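Following: one structure in structure tokens, then a few remarks.
Order of the sequence lines fixes the chain letters, A, B, ..., with proteins taken first and strands second; residue numbering starts at 1 for each chain. The structure displayed is predicted, hence computed values, not measured ones.
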Protein chains: 2
Amino acid sequence: MHSRKTPAADSGSFAATEARIRRTHQRFPAFRRDAAVLVRLVRHIQAQVHDAANAILREHGLNHTDYNILIMLYGSADHAMNPSQLGGAAGEKSANLTRICNGLVDRGLVDRVADPHGDRRKVLLSLTRRGVELLEALLPGMTDLLDRCMLGFAPAERDQLERLLKRLLGNVEALVHPA
Amino acid sequence: MHSRKTPAADSGSFAATEARIRRTHQRFPAFRRDAAVLVRLVRHIQAQVHDAANAILREHGLNHTDYNILIMLYGSADHAMNPSQLGGAAGEKSANLTRICNGLVDRGLVDRVADPHGDRRKVLLSLTRRGVELLEALLPGMTDLLDRCMLGFAPAERDQLERLLKRLLGNVEALVHPA
DNA sequence: ACTGATTAATTCAGTTATGAACTATAATGC
DNA sequence: GCATTATAGTTCATAACTGAATTAATCAGT
């Protein structure tokens, strides 16, 4: 018996990717190396974190998306948010959010009630006691993962990276919601 | 008639997200603000770029994933790669890659043949003439997207961001393939 | 008040992605 | 040579996600 992990491929060595980007730029000069590299870096980082988080969370019966929803609620002022806030915060489309929350509600981790404040279209999602407990049981593992991401980064470097990424985010948000 | 765009949510304003992360940190001090912010930034950036690219590519009958495969092949030395190289480069799992390439082969954009060099397990994927043509028709739009990502970034800032992201990638790769 | 446009959330059909199992070939050790 | 182990690629069942349509409630202008 084999296959303890997905064979996938050697995702390491971004060097080959860079060589490809360079060649593309040669064949099609308008294609800018720098931007392409950045976008691909972001893509790879996101994919790896996603996979690593999934691997950790699987044994608790959750995936990275579920976790993201739970931690957003955990961080919110009263452990409660509307679906649309939550979707925006977690970067999930509303249709997907409904599905995810259905699952979390079914498992008793999240509560879904009509929003008491006026607007009867709205819904309030909140962590149940069990949701809080599960999340807090998960947090050490996830915290450790985050720590390992930051190995070798000086505080000033983290700040700088954060600042630059925020500007990048500003730019890419303008792509979808133009003006 | 309404709904010209998915309602989704206000993905803008990362500020609320930061407030949540701060609260989480207060309730669970081991949870580091900086790392969490960075990971969520990466997630949001990737999601937005993905959506924007999909919107552009849709009218050509492709999605962002398809495009990524094609551009990898385009950038490779002889417009040809093995599935596993390609999967690694594009950040796709092998099972998914098979499916994607099936589609591209069916549409006559990609050629799939036995790798001529010895190893009979291997397969070679390459761009067809049509694949090259379609890709080159697409590239101006995608190039423009990339350009808009970089608005307001000085060359030195791009370099710095690239360097920092590469280090981050190094760290996150170690998460999945430990040691 | 009433019409038309917006917004919140969900539903739905179709697409895309995942983990595990499987087949076939190649490499390694003995 | 032969057994063991590893790798390349695919298949399959299931899960996750998407865009568009739908329902219901609010809002804005008149």
(request) Locate the shortest heavy-atom distance separating B:F153 from A:L168; write the atom from each residue and the value. (result) CZ-N, 3.6 Å

(message) From C-beta outward on B:A95, which listed nucleotide comes closest to its side chain: D:dG9, D:dA20, C:dT18?
(response) C:dT18

(message) So if I take every side-chain heavy atom of B:N96 and compare against C:dT18, C:dT11, D:dC17, which nucleotide ends up nearest?
(response) C:dT18

(request) Please tell me which of A:N102 and B:H50 maps to the more 5' nucleotide of DNA chain C, matching each residue to the nucleotide holding its nearest heavy atom. (result) A:N102

(request) State which of D:dG19, D:dT10, D:dC17 makes the closest approach to the side chain of B:R58. (result) D:dG19

(request) Check the side chains of A:R27 and B:H79 for a donor-acceptor pair under 3.5 angstrom, ignoring hydrogens and angles. (result) yes

(message) What is the separation between atom CG on B:L97 and atom P on D:dT10, rounded to the nearest whole Å?
(response) 8 Å

(message) Any carboxylate oxygen within less than 4.0 angstrom of a Lys/Arg side-chain nitrogen, looking at B:E18 and B:R40?
(response) no

(request) Inspect the contact between B:R129 and B:D111 and indicate whether a charged nitrogen and a carboxylate oxygen are less than 4.0 angstrom apart. (result) no

(request) Could you tell me the separation between the CD1 atom of A:I100 and the P atom of C:dA17, rounded to a whole number of Å? (result) 16 Å

(request) Rounded to the nearest angstrom, tell me the gap between atom CG in B:L57 and atom P in C:dT16. (result) 12 Å

(message) Please tell me whether B:N102 and B:R112 have a donor and an acceptor in their side chains that are separated by less than 3.5 angstrom.
(response) yes

(message) For a quick test of reading the model: is some side-chain N or O of A:S84 closer than 4.0 Å to OP1 or OP2 of C:dA9?
(response) yes

(message) Considering every strand and a 4.0 Å limit on heavy-atom distances, what is the contact class for B:N54: base, sugar-phosphate, or nothing?
(response) nothing

(message) Under 4.0 Å from OP1 or OP2 of D:dC17: is there any side-chain N or O of A:T65 that close?
(response) yes

(message) From CG of A:N68 over to C1' of D:dC17, roughly how many Å is that when rounded to an integer?
(response) 15 Å

(message) With a 4.0 Å cut-off on N to O distance, would you call A:R163 and A:D159 a salt bridge?
(response) no

(request) May I ask you to test the B:L62-B:L109 pair for a side-chain heavy-atom distance under 4.5 Å? (result) yes

(message) Quick check on the helix from C:dA1-D:dT30 to C:dC30-D:dG1: what's the angle between its two end axes, five base pairs per end, to the nearest 10°?
(response) 40°

(message) Nearest to the side chain of B:R99, heavy atoms from C-beta on, is which of C:dT16, C:dG19, C:dT10?
(response) C:dT16

(message) At a heavy-atom distance below 4.0 Å, what parts of residues 103-122 of chain B sit against DNA chain D?
(response) B:R112, B:R121, B:K122

(message) If you define the side chain from C-beta out and look only at heavy atoms, does anything of A:R99 sit under 4.5 Å from A:E92?
(response) no

(request) On DNA chain C, check which nucleotide each of A:N82 and A:A55 is closest to and give me the residue with the more 5' one. (result) A:N82

(request) Please report, rounded to the nearest Å, how far the C1' atom of D:dC17 is from the NE2 atom of B:H64. (result) 16 Å

(request) Check each of B:N68, B:L73, B:V110 against B:L86 using the side chain to side chain contact (heavy atoms under 4.5 Å, CB included) test, and report the only one that passes. (result) B:L73

(request) Rounded to the nearest angstrom, tell me the gap between atom CE in A:M81 and atom P in C:dA9. (result) 11 Å

(message) Just the rounded figure in Å: distance from P of D:dG9 to CG of B:L86.
(response) 10 Å

(request) Would you mind reporting whether B:L165 and A:L38 have side-chain heavy atoms less than 4.5 Å apart? (result) yes

(message) Rounded to whole Å, please give me the gap between CG in A:L125 and P in C:dA9.
(response) 8 Å

(message) Does D:dC17 have its OP1 or OP2 closer than 4.0 Å to a side-chain nitrogen or oxygen of A:K93?
(response) no

